[in-house]
Each structure stands twice: as structure tokens, then as C-alpha cells.
Undergrad: 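Sending over a structure as C-alpha cells; questions will come in a sec.
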Amino acid sequence: MRSSAMQPMMREQLNLYIFVSVLFAVGVVFGALLVNALTLDQQQDLAGDVQQFIGRIQDGTMLSGTESFWDRAWFHAKWLLLVWVLGLTVVGMPLVLALDFLKGVLLGFAVGTLVQQFAWKGLIFSLASVAPANLIAIPAFIIASVSAVSFTLYIVKNRLLSRFGNLSQPLVRYVVQTAMMLVLLLGAAVIESYLTPLLLQWAAPLVHGASAGL
């Protein structure tokens with residue numbers, strides 16, 4: 001009986017994971033296509049910023065590991081906290097989904113910019129700079145977003161519409177899941193702070209001084 005009762009919940013969770021993942025993927029595609037919408041002057045300015053960033057990597061003027069860790073950890077924590085608070089407000093559920101789409105747009109734009117300017121070398125550089133930490137960060141944000149949407153739907157169905165259901169257990173589960181995602185995001189911050197700089201130093205010579213494909 002309990003297994004039968006859990007099936008609708010598991011089906012709902014699976015549907016939410018598919019929906020949020022597809023929404024994020026659409027954002028990635030949109031962000032990559034957005035690069036082509038830039039004017040020539042904007043592309044040139046962006047190319048200059050990229051070359052300046054690469055120059056800082058080669059000069060060793062980037063933030064140190066500890067400074068970078070706290071900077072990235074705080075960045076991820078703020079984003080996660082925003083998702084968590086929006087999940088509590090119920091009316092913030094559309095904004096949670098909008099953040100997932102925006103996250104995809106930012107990632108797609110970053111990768112698309114590098115690929116447009118440096119072709120396959122830009123792809124390698126983007127894999128070194130973007131991929132390692134995001135292999136952890138993106139699933140963590142998707143799980144946190146699904147958890148927020150699930151909690152919101154529970155409140156709507158069981159508290160606002162029917163006035164039935166215990167709120168404490170879902171709230172505790174929501175808090176625990178968010179805390180677990182925070183731990184994963186701290187792991188992503190560690191990768192960004194200590195592993196990614198090493199990969200960037202290896203990849204930077206590929207694109208340093210290369211002609212931008214404008």
C-alpha cells in the first residue's frame with residue numbers, strides 16, 4: 001500500500017526533474033545563440049575582456065585559492081539561498097524556474113562566446129574553465145530547484161486548497177535537501193578555486209593572442 005501511495009509522488013518528482021532539466025538546456029541553447037545577436041562593437045569589447053582575463057591567468061594575478069574559494073562559495077550560497085527563499089514564498093515558484101533558465105543562459109553565453117572567438121580552441125578552454133565545477137554545481141541547483149518547486153506544490157495542494165497535511169515533515173525535508181546541496185556547491189567552489197586555475201594555466205596558451213573569429 002505504501003509503495004502504491006509513493007508512486008504518484010515519485011512520478012511527479014521525475015516529471016519535475018525532466019521539466020527543470022529541459023528548461024535549463026533551453027537556456028543553454030538560448031545563451032549560445034544570443035552571442036550571435038551581439039553587434040560587432042559588442043563582440044570586439046567582449047573579445048578584449050576575454051583576452052584580458054586570459055592575460056591575468058598567465059600573469060598569475062588571479063585570486064589565490066583561499067580568496068577565490070570564499071568568493072565562489074558565497075556566490076553559490078547566495079544563489080541557493082534565493083532559490084530556497086522563493087520556494088518558501090509559494091508565489092516565487094515561477095522565479096525559481098526563471099533562475100534555472102537564466103543559469104542556462106549564462107552558461108551557454110560563456111561557452112558560446114569562447115567557441116565563436118576561438119573555435120575548437122575556445123571549446124577546449126571552456127571545458128577547462130566551465131565544465132569541472134559545473135558538473136557538480138548544475139545538478140545541485142537542479143535538485144535544489146526541484147525541491148523548492150515540490151515544496152511549493154505541496155503547500156498549494158495540502159495547505160491552501162484542502163487545508164490538510166502536515167507541514168513540518170516536508171519543511172524539514174526541504175531544509176535538509178537544501179543543506180545537502182550547499183555542501184555539494186562548496187565542493188564545486190573548491191574545484192573552481194584549486195583545480196580550475198591549474199586547468200586554465202594549461203589551456204590559456206591555446207587562446208592567448210589568438211585571432212578572434214569576429
Undergrad: Over all heavy atoms of both residues, which pair between Phe69 and Leu186 is shortest? Give the atoms and the distance, please.
TA: CE1-O, 3.7 Å
Undergrad: Are Leu135 and Phe125 connected, step by step, through hydrophobic side chains (Ile, Leu, Val, Met, Phe, Trp, Tyr) whose heavy atoms are closer than 4.5 Å?
TA: no
Undergrad: Compare all side-chain heavy atoms of Met180 with those of Val176 and state whether any distance is below 4.5 angstrom.
TA: yes
Undergrad: For residues Ala189 and Ala73, report the shortest heavy-atom separation together with the two atoms involved.
TA: CB-N, 3.8 Å
Undergrad: Measure the spacing between CE of Met93 and CG of Leu153 and express it to the nearest 0.5 Å.
TA: 5.0 Å
Undergrad: Give a yes or no answer on whether the side chain of Thr152 reaches the backbone of Gly87 with a donor-acceptor pair at less than 3.5 Å.
TA: yes
Undergrad: Do the rings of Phe30 and Phe101 sit parallel, tilted or perpendicular, given the 30° and 60° boundaries?
TA: tilted
Undergrad: Report the distance from atom CG of Leu99 to atom CG of Leu106, rounding to the nearest 0.5 Å.
TA: 10.0 Å
Undergrad: Do Leu195 and Leu185 share a hydrophobic cluster (ILVMFWY, side-chain heavy atoms under 4.5 Å, transitive)?
TA: yes
Undergrad: Spell out, yes or no, whether Val29 and Leu123 are grouped together once hydrophobic residues are joined by side-chain heavy atoms under 4.5 Å, including indirect joins.
TA: no
Undergrad: Shared ILVMFWY cluster between Val175 and Phe151, side chains joined below 4.5 angstrom?
TA: yes
Undergrad: Could you give the distance from CG (Asn134) to OG1 (Thr196), rounded to the nearest 0.5 Å?
TA: 9.0 Å
Undergrad: Between Tyr174 and Trp84, which heavy-atom pair has the shortest distance, and what is it?
TA: OH-O, 2.8 Å
Undergrad: Quick one: closest heavy-atom pair of Ala148 and Val83, and the distance?
TA: CB-O, 3.9 Å
Undergrad: Do Leu33 and Phe24 land in one hydrophobic cluster if side-chain heavy atoms of ILVMFWY residues count as linked below 4.5 Å?
TA: no
Undergrad: I need the minimum non-hydrogen distance between Ser129 and Pro132, along with the two atoms involved.
TA: C-CD, 4.4 Å
Undergrad: I'd like to know whether Glu192 forms a side-chain hydrogen bond (donor to acceptor under 3.5 Å, both in side chains) with Ser68, so could you lay out the CA-CA distance, the side-chain angles of the two residues, the decisive distance to 0.1 Å, and finally the verdict.
TA: CA-CA 8 Å; Glu192 287 179 290; Ser68 177; over 6 Å; no
Undergrad: Could you pull out the closest heavy-atom pair between Ile136 and Pro139, with the gap in Å?
TA: O-CD, 3.4 Å
Undergrad: In Å and rounded to the nearest 0.5 Å, what is the CG to CG distance from Leu102 to Leu95?
TA: 11.0 Å
